[in-house]
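To start, the structure under review is shown below, and the notes come after it.
Heavy atoms only: backbone and side chains are in, while hydrogens, waters and symmetry mates are out.
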Amino acid sequence: MSAEGTSPDGNGKVSRVFRIGTRKSQLARIQTDSVAEKLKELYPELNLEIVGMSTLGDKILDTALSKIGEKSLFTKELENALERNEVDLVVHSLKDLPTTLPAGFTIGAVLKRENPHDAVVLHPKHVGKTLDTLPDSSVIGTSSLRRAAQLKKRFPHLEFKDIRGNLNTRLKKLDEKEDYAAIILAAAGLGRMGWDDRISQILGPEDCMYAVGQGALAVEVRARDLDILEMVSVLHHPETVLRCITERAFLRCLEGGCSVPVAVNTEVKDSQLYLTGAVFSLDGSDSLKETMQTSIASDDKSVDEEVDERVQRVGVTASKICGGAQDRAERLGIDLANLLLSKGAKEILTVARQLNDAR
């Protein structure tokens, strides 16, 4: 842990300043501010400073995310700052974090997930309609292959076109031009921005399953900084952690990412973790979908067991959550991925990747 970033407090003493790295977008700042507020509630003496920076994904706005071919579009610059000790922790949307982190980093906290589903935001002239009732050939904006693949199959009367930019930019493109009848965005982001009133329709899993980690925030830290890891670990939300571990294990085993359509849906009921996972061709005509479950009940024998803080599961360190439950969640994701692979998922994803590269 670095000794840099100190400032005199009111008593003339020198106190450590913890610097939180974040993207500069309004949504990223809102998300980071919410994490900072939670930390300040838990540790009132904490001295926090927020450091905003731009990432590759923020700079390249004229190319679909799936075409850039970079797995850490929104994270690399932040991680570089973490590596250089310019910041001490970084707040991300978990869905932006690759399932394999660079050496020396770990996800020290996964906060309580907000609504993970996708939402439809309509052009003002279409208010009151749904995707079902929009006119034929209406253009829907989304930069996500996952969303487009599912929605093309479900709503064949609609057309889908890439749209890039932060939330503010995409909403402006929707409202001020006639290019799009609607755009698809993550419900959680709209909610954090206070724009719930723009949501015309929430897409359930029968219409569009969500992205791995969608709706959850993650705090990334240097794995060697055990005091910072301990400090942020209280932000972990156990159910969200287990759901996201199984989702990330599923995606990692499939070797998926932005450039292939992979979707999930998870649920916890009666100490059972349910994972539905699917892969799609680009046009949604070919797909594989299966559901599996596992118990996440705490093992009696592990209640007093010392959990090794250095153990990461798909990049997540959660030392205060039952290790056995985490292991079973990770295994569930791997088992479901292997089931889909045995049924031909690799072929579907390979073709999808090739077609996307050729576009």
Got a second to check how far [X]'s [atom1] is from [Y]'s [atom2], nearest 0.5 Å?
X	Y	atom1	atom2	value
Glu267	Leu273	CD	CG	10.0 Å
Met292	Phe250	CE	CZ	11.0 Å
Ser144	Gln214	OG	CD	8.0 Å
Leu94	Glu220	CG	CD	10.5 Å
Thr133	Leu122	OG1	CG	8.0 Å
Arg328	Asp335	CZ	CG	13.0 Å

**Request:** With side-chain contact (heavy atoms from CB on, under 4.5 Å) as the test, would you mind laying out the steps for Ile245 and Val241 before giving the verdict?
**Result:** CA-CA 6 Å; Ile245 282 175; Val241 169; 3.8 Å; yes
So, does [X] use its side chain to make a donor-acceptor pair with the main chain of [Y] at under 3.5 Å?
X	Y	result
His236	Thr317	yes
Ser295	Gln272	no
Ser287	Gly284	no
Lys173	Arg164	yes
Arg19	Asn85	yes
Ser271	Ala297	no

For [X] and [Y], which heavy atoms make the closest approach, and how far apart are they?
X	Y	answer
Lys152	Asp283	CB-O, 3.7 Å
Leu340	Gly277	CD1-O, 3.7 Å
Val264	Met209	O-CB, 3.4 Å
Ala325	Ile296	CB-O, 3.7 Å
Arg248	Pro98	NH2-O, 2.8 Å
Ala28	Thr22	O-OG1, 3.4 Å

**Prompt:** Just by distance, with hydrogens left out, do Ser93 and Gln31 show a side-chain donor and acceptor under 3.5 Å apart?
**Reply:** yes
**Item:** Result of checking Arg147, His117, Arg154 against Cys208 for side chain to side chain contact (heavy atoms under 4.5 Å, CB included)
**Value:** Arg147
Are [X] and [Y] linked, directly or through other ILVMFWY residues, by side chains that come within less than 4.5 angstrom of each other?
X	Y	value
Trp195	Leu217	no
Leu158	Val121	no
Ile30	Met53	no
Leu341	Ile334	no
Leu226	Leu89	yes

Below 4.5 Å, heavy atoms only, C-beta onward: do [X] and [Y] meet side chain to side chain?
X	Y	value
Leu151	Ile140	no
Leu174	Arg198	yes
Val120	Leu203	yes
Leu282	Pro261	yes
Glu83	Pro102	no
Phe160	Leu145	no
Leu46	Met231	yes
Leu97	Glu79	yes

Note: [X]-[Y] ion pair, threshold 4.0 Å (strictly below):
X	Y	value
Arg16	Glu45	no
Arg146	Asp118	yes
Arg113	Glu247	yes

**Request:** With side-chain contact (heavy atoms from CB on, under 4.5 Å) as the test, would you mind laying out the steps for Leu134 and His126 before giving the verdict?
**Result:** CA-CA 8 Å; Leu134 281 171; His126 291 301; 3.6 Å; yes
**side-chain contact (heavy atoms from CB on, under 4.5 Å) between Leu242 and Gln326, worked out** = CA-CA 6 Å; Leu242 295 173; Gln326 292 185 65; 3.9 Å; yes
**Asked** What residues form a side chain to side chain contact (heavy atoms under 4.5 Å, CB included) with Pro44, not counting sequence neighbours?
**Response**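 Testing Pro44 for side chain to side chain contact (heavy atoms under 4.5 Å, CB included), a comparison that skips the adjacent residues, returns none.
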Around atom [atom1] of [X], are there more than 12 heavy atoms of other residues, nucleotides or ligands at under 6.0 Å?
X	atom1	answer
Lys172	NZ	no
Lys153	NZ	no
Lys125	NZ	yes

**Item:** Tyr180 six-ring centre to Lys161 NZ/CZ under 6.0 Å and within 45° of normal
**Value:** yes
**Message:** side-chain contact (heavy atoms from CB on, under 4.5 Å), that's the test. Do Leu235 and Leu39 meet it? Break it down for me.
**Reply:** CA-CA 8 Å; Leu235 299 175; Leu39 286 171; 3.8 Å; yes
**Prompt:** With a cutoff of under 4.5 Å between side-chain heavy atoms, which Ile, Leu, Val, Met, Phe, Trp and Tyr residues group with Phe280?
**Reply:** none
